[in-house]
**Q** 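After the C-alpha cells below, expect a handful of questions from me.
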Amino acid sequence: MPQSPRAASSSLPPRSKASRGLLIAAAAAQFGTGAARAEVTLVPYVNSTTTYESNVFRVDQDFVFPADDIRSKSDVIFNNAVGLEGNYRWSNQRLFATAEGSRFQYLNNDQLDQNAFQLRGGLDWSLLSRVTGTLTASNSQTRSSFANGDTTVLNRQRQRDLGGTIRFKPGNDLDFNAGFNNNILKTPAINAPNFQVEQNTWNSALNYVGINRFIIGVTGSYSLGKFSGTETNSKFESQSAAGTLGYEASDISKFALSAGYTTREDKATQTQTKGLTGSLVYNRELTGKTAGTLGVTRSVDASQFGDNSVINTSVFLGLNYSATARITASLNYNYLNSKFKAIGTADTVFAGRTDDQHTVNLRAVYDAFDWLKVSPSVGYETRTANLDGFDYKAYIVGMQFTARLE
C-alpha cells in the first residue's frame, strides 16, 4: 500500500531529519543574530543661539537709512530650535532622520522675524561588503544673508536636496564612486525676489590605491540646470573633468590635489564660461593638540543670485586646538574672489562684477556637561567690489547653548 504523506515523512532517515533540524536552527540563529544587531537610537536636542550683527543688511559702511525707514543697521538675533535625531541600524544598514523646528527673532528689525525648519533623512546601505551606497533627502527653510539679497523683502531661503551615491570596489586596489544629486534653491536675490536655481548633477570617480601612500584617480561630472524668477529664466549645462592625487607624506601630514577643466554654457545663447578648476589641500598635525589645514580652490559655478556664471577662487586656512578633553577652539580664515559672468540674453546687476571677500571666524566649544555644549564665537566679514554699492563690513558675535539628551 502507498504510504500516507505523514507516514512517508516519519520514515525519513534519521540523518535527513537531523539535517533539516540543523538548517532550521541555523536560520533561526542567523535571524537572531540580525535581530541582536538591530538598534534604535533617538536623540532629542535643543539649541539656543544669540547673535549680534553690526550690519544686518550688509550695506555700505556710509549708508544711512532714510528718516522714515524703521530698519536698524545693527541688531541682536535670537534663534531657538528643538529637534529630534533618529537612527535605526540593522546589520550593515542604517536608516537616519532629523527633524528640527526653530524661530528667528530680531530685537529691533522685528519685520524679519520668521520660522525655520529642516527635515533630512536617508539610508546607508551595504551589499556583499564590496558595494555600499547612500540615499539622502532634505528640505529646509531658514533665513538667508542680505549680502546679495533683496533688502526689501523677507530674507527667507528654501532648499530641497535629493541624492544618491554608490561605491564599488572591483578589486583591492580599485575604488569606483558614482552619484546623482538634485538641488533646488529659492532665495530672494537683487531684482529677483522669487529667484530660484535648480541643478541636476551626475558625477563619478575612479581611484587606484595600489601605490604606497598614494591615491591616484580621475573624476567627471555633468549637470543640467535652470534659473527661474529672473528676466530670462536661463537654462544651462556644465561639464567638468579632473585628475586627482592624494599623498600621505607621514602619519601627521597629508596632501590632496585635484586639477581639471570646467565648461558652463547657456543653452539659449551658447555663451560659455570655462577655465582651469581644481583644489590643493594640505592637512598637518602641528602638535599633539593642534592641527592645521591650508587650501586653495578654483571652480566655475552657477550663481545663486541671478542668471550668471561665477568663477570662484578661494584660499582658506584653519587651525584647530584641543586645549583639554572638554575645551576645543578653531580659527578659520577664508579669502574669496568671485567673478560674475552673464550667461543669459540680459545683463544682471552682477554681470561684470568682481568681489574680494575676507572672512575670519574664531569659535570655541566647551563641553560643560556630557549633555551640554557652550559655544562662543566672534567673526568679521568684509567685501570690496569693482562696482559701486556692493562693499560692506560686518562684525558678528554669538553665543550658542546646545543640549543633547543622548
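Keep in mind it's a predicted model, so treat the numbers as computed, not measured. Because only heavy atoms are used, hydrogens play no part in the values below, and waters and symmetry mates are left out as well, while side chains stay in.
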**Q** Do you know the tightest heavy-atom contact between Leu42 and Gly86?
**A** CD2-CA, 3.9 Å
**Q** Where does the angle between the aromatic ring planes of Phe63 and Phe65 fall among parallel (under 30°), tilted (30 to 60°) and perpendicular (over 60°)?
**A** perpendicular
**Q** Checking side-chain polar atoms at under 3.5 Å, does Gln400 have a donor or acceptor matched by the opposite partner on Thr49?
**A** yes
**Q** Taking the side chain as everything from C-beta on, heavy atoms only, tell me whether Asn148 gets closer than 4.5 Å to Phe350.
**A** yes
**Q** For residues Asn80 and Ser48, is any side-chain donor paired with an opposing acceptor at under 3.5 Å?
**A** yes
**Q** Hey, is NZ on Lys254 packed in by over 12 heavy atoms from elsewhere, all under 6.0 Å?
**A** no
**Q** Quick check on Asp69: does its CG atom have over 12 non-hydrogen neighbours (other residues, nucleotides or ligands) under 6.0 Å away?
**A** yes
**Q** Can you confirm if the NZ or CZ of Arg353 lies within 45° of the ring axis of Phe390 and under 6.0 Å from the centre of its six-membered ring?
**A** yes
**Q** Between the side chains of Gln93 and Tyr88, is a donor N or O closer than 3.5 angstrom to an acceptor N or O?
**A** no
**Q** Looking at Arg94 and Gly122, would you say the former's side chain and the latter's main chain have a donor-acceptor pair under 3.5 Å?
**A** no
**Q** Looking just at side-chain N and O atoms, do Asn47 and Arg404 make a donor-acceptor pair shorter than 3.5 Å?
**A** no
**Q** Do the ring planes of Phe214 and Tyr247 sit parallel (below 30°), tilted (30 to 60°) or perpendicular (above 60°)?
**A** parallel
**Q** Please check if any side-chain donor atom of Arg103 sits under 3.5 Å from a side-chain acceptor atom of Asn115, or the reverse.
**A** yes
**Q** Using a distance-only test with no angle check, is there a side-chain donor-acceptor pair under 3.5 angstrom linking Gln357 and Tyr335?
**A** no
**Q** Regarding Arg71 and the six-membered ring of Phe57, is the cationic atom NZ or CZ under 6.0 Å from the ring centre and inside 45° of its axis?
**A** yes
**Q** Which pair of non-hydrogen atoms, one from Asp266 and one from Ser234, has the smallest distance, and what is that distance?
**A** OD1-CB, 3.4 Å
